[in-house]
Number of protein chains: 2
Amino acid sequence: MKLDAVDVRQAASAADIVYEALRKAIIEGALAEGENLRQDQIAQMFNTSRIPVREALSRLEQHGLITTQRYKGAVVAGLSIEEIEEIFEFRALLEAEVIRLAVPNMDRRTLELARRHCDEFGKESDSAKWGETNRNFHYSLYEAARRPYYLQIVRASLDRIDRYLRAQLTLTDGMKRAAREHEAILDACTKGDAELASSLTRDHILDAGRSLVVFLKEQRG
Amino acid sequence: MKLDAVDVRQAASAADIVYEALRKAIIEGALAEGENLRQDQIAQMFNTSRIPVREALSRLEQHGLITTQRYKGAVVAGLSIEEIEEIFEFRALLEAEVIRLAVPNMDRRTLELARRHCDEFGKESDSAKWGETNRNFHYSLYEAARRPYYLQIVRASLDRIDRYLRAQLTLTDGMKRAAREHEAILDACTKGDAELASSLTRDHILDAGRSLVVFLKEQRG
DNA sequence: CATAGAAAGATTGGATCCAATATACAATCT
DNA sequence: AGATTGTATATTGGATCCAATCTTTCTATG
């Protein structure tokens, strides 16, 4: 007997499904910041009870995507400009280090995959998909660092500001500029220049952060 | 009328209490790694139902302190040597940066508080309390960085390896060495030398990590 | 009319109950 | 005996119910 066995114990629980759906909605900006999240309402949307919803909300709160108040409920978390600046600064530190550690481990497969994501990002016309292709590109390089803990934190910090980052990409030349910077980063990786890849990544993140903050300060007054 | 008002809405929920108690027990090593955590049993210990326990366990899992399997329950997370090495490396990067950012903001009060924690650490004879005083010392300096997001991550990563770190401190001269290194870090901060404080912090963490790994490799074979 | 306070409705936190799954052990077959 | 199957028990995941709290609305009163 031979068949493609899958581990059924990895089947997603109701809480997993609700969590992933809400996480995606918040990251993509489908749920506006400050929006109320009623347990009952969400439970009905997913044809389940409030218990798995509560667990999903608990996870979202741990990740900083929502804030809750006892007996008052959950709202989609909003970030102040100071908080956004801090997270961009943090990401610059962390991702610059991750790619420095990653470069020595990059093999042909990694670079080819990154090349595909890079091209895809450059060609993508649907602005709704930029966030996803942007992630794919960076993660495809970061994976080579073989640092699961670092990557977990990278993911969590990106989750928090992804909504804003997507807004930044749609700004005037945010997208074109990001595409150019991606090319430069990928080039450095291909050449095996870890220091260059690291400092380019750092600048890439800090630049995006700066132009986003300028934009938000105008917008918020 | 004048009184110390507290916001009653911040009163801890049952889930909060269970979470904090379990977190403390795991960090301090009171719960051995691999130990089973039965929802019913914990609920009875806290005179509550399984619902708040489930929420507490969910939070612990998000923070990596326990691992759970569907329908099988939760066990206290254990870390492989590779994972421990990664977290020490991560902490070195992060905490070195935090203290670099903190030094310019340190005022007299901060330094006096750190001095007290430093002395307390040096005098403390109860090895069970070393972990706590160690935290107090470092945090008292880190606070000055005014980077809440960084500090949240610092705390989470320290939580994961605190059990092992405490073991390291009780090693032969781990404690004396740590006390000396604390003095040096505090001196650098007092002098306002951010770069020195940063590199000393980095070495302090990497040294502890290295001697811990040596110890664990012997112990685990 | 404005406002304080009470009552009603909505919403969350927690308790209890049921269903799904895993584990341990007995029964059965070769 | 050893392996396999069935069954009983324990445990978790989810549904439903109740209690605590918040929010809104209504009313009485100045």
Side-chain angles (χ1 to χ4, degrees), chain A residues 1-3 5-23 25-26 31-77, chain B residues 1 5-23 25-26 31-77:
Chain A
M1 183 181 65
K2 195 149 198 257
L3 47 77
V6 294
D7 186 348
V8 295
R9 283 170 304 184
Q10 284 181 7
S13 68
D16 292 335
I17 294 167
V18 174
Y19 169 74
E20 283 301 336
L22 289 178
R23 170 177 170 268
I26 293 172
L31 288 170
E33 71 180 47
E35 193 159 339
N36 273 323
L37 299 172
R38 300 278 167 230
Q39 296 175 2
D40 231 338
Q41 181 187 341
I42 296 167
Q44 282 174 28
M45 291 196 302
F46 288 86
N47 273 316
T48 179
S49 78
R50 281 168 48 220
I51 297 285
V53 174
R54 276 152 74 169
E55 177 163 345
L57 292 177
S58 164
R59 287 190 216 171
L60 291 167
E61 186 181 19
Q62 296 305 305
H63 285 85
L65 296 180
I66 66 174
T67 59
T68 68
Q69 276 190 301
R70 207 158 136 74
Y71 295 114
K72 289 180 75 173
V75 299
V76 177
Chain B
M1 185 180 67
V6 294
D7 186 347
V8 295
R9 283 170 304 184
Q10 285 181 9
S13 66
D16 293 335
I17 294 167
V18 174
Y19 169 74
E20 283 301 335
L22 290 177
R23 170 177 170 269
I26 293 172
L31 288 169
E33 71 179 50
E35 193 158 339
N36 273 325
L37 300 172
R38 300 275 167 233
Q39 296 176 2
D40 229 338
Q41 180 188 344
I42 296 168
Q44 281 173 28
M45 291 196 301
F46 288 88
N47 274 315
T48 180
S49 78
R50 282 168 47 220
I51 297 285
V53 174
R54 275 152 73 169
E55 178 164 345
L57 292 177
S58 164
R59 286 190 217 171
L60 291 168
E61 185 180 20
Q62 296 305 307
H63 286 84
L65 296 180
I66 65 173
T67 59
T68 68
Q69 275 190 302
R70 207 158 137 75
Y71 294 113
K72 287 181 76 174
V75 298
V76 178

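Only heavy atoms go into these numbers, but all of them, side chains included; no hydrogens, no water, no symmetry mates.
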Self-check item: Distance, rounded to the nearest Å, where Q44(B) contributes CD and dA10(D) contributes P
Solution: 13 Å
Practice problem: Mind checking the CG-OG1 spacing from L57(A) to T68(A)? Nearest 0.5 Å is all I need. | Solution: 8.5 Å
Exercise. In sequence, state the C-alpha distance, the side-chain angles, and the governing distance for E55(A) and R54(B), and then conclude on side chain to side chain contact (heavy atoms under 4.5 Å, CB included).
Key: CA-CA 8 Å; E55(A) 177 163 345; R54(B) 275 152 73 169; 5.7 Å; no
Exercise. Output, in order, the C-alpha distance, side-chain angles, deciding distance and verdict of side chain to side chain contact (heavy atoms under 4.5 Å, CB included) for V75(A) and L37(A).
Key: CA-CA 6 Å; V75(A) 299; L37(A) 299 172; over 6 Å; no
Quiz prompt | Contacts of A21(A) that satisfy side chain to side chain contact (heavy atoms under 4.5 Å, CB included) - sequence neighbours left out | solution = F46(A)
Quiz prompt | Expected output: side-chain E35(B) to main-chain A32(B) donor-acceptor under 3.5 Å | solution = yes
Quiz item: What string of B, S and - do you get for nucleotides 9-19 of chain C, 5' to 3', when a contact is any protein heavy atom under 4.0 Å?
Solution: --SBBBBBB--
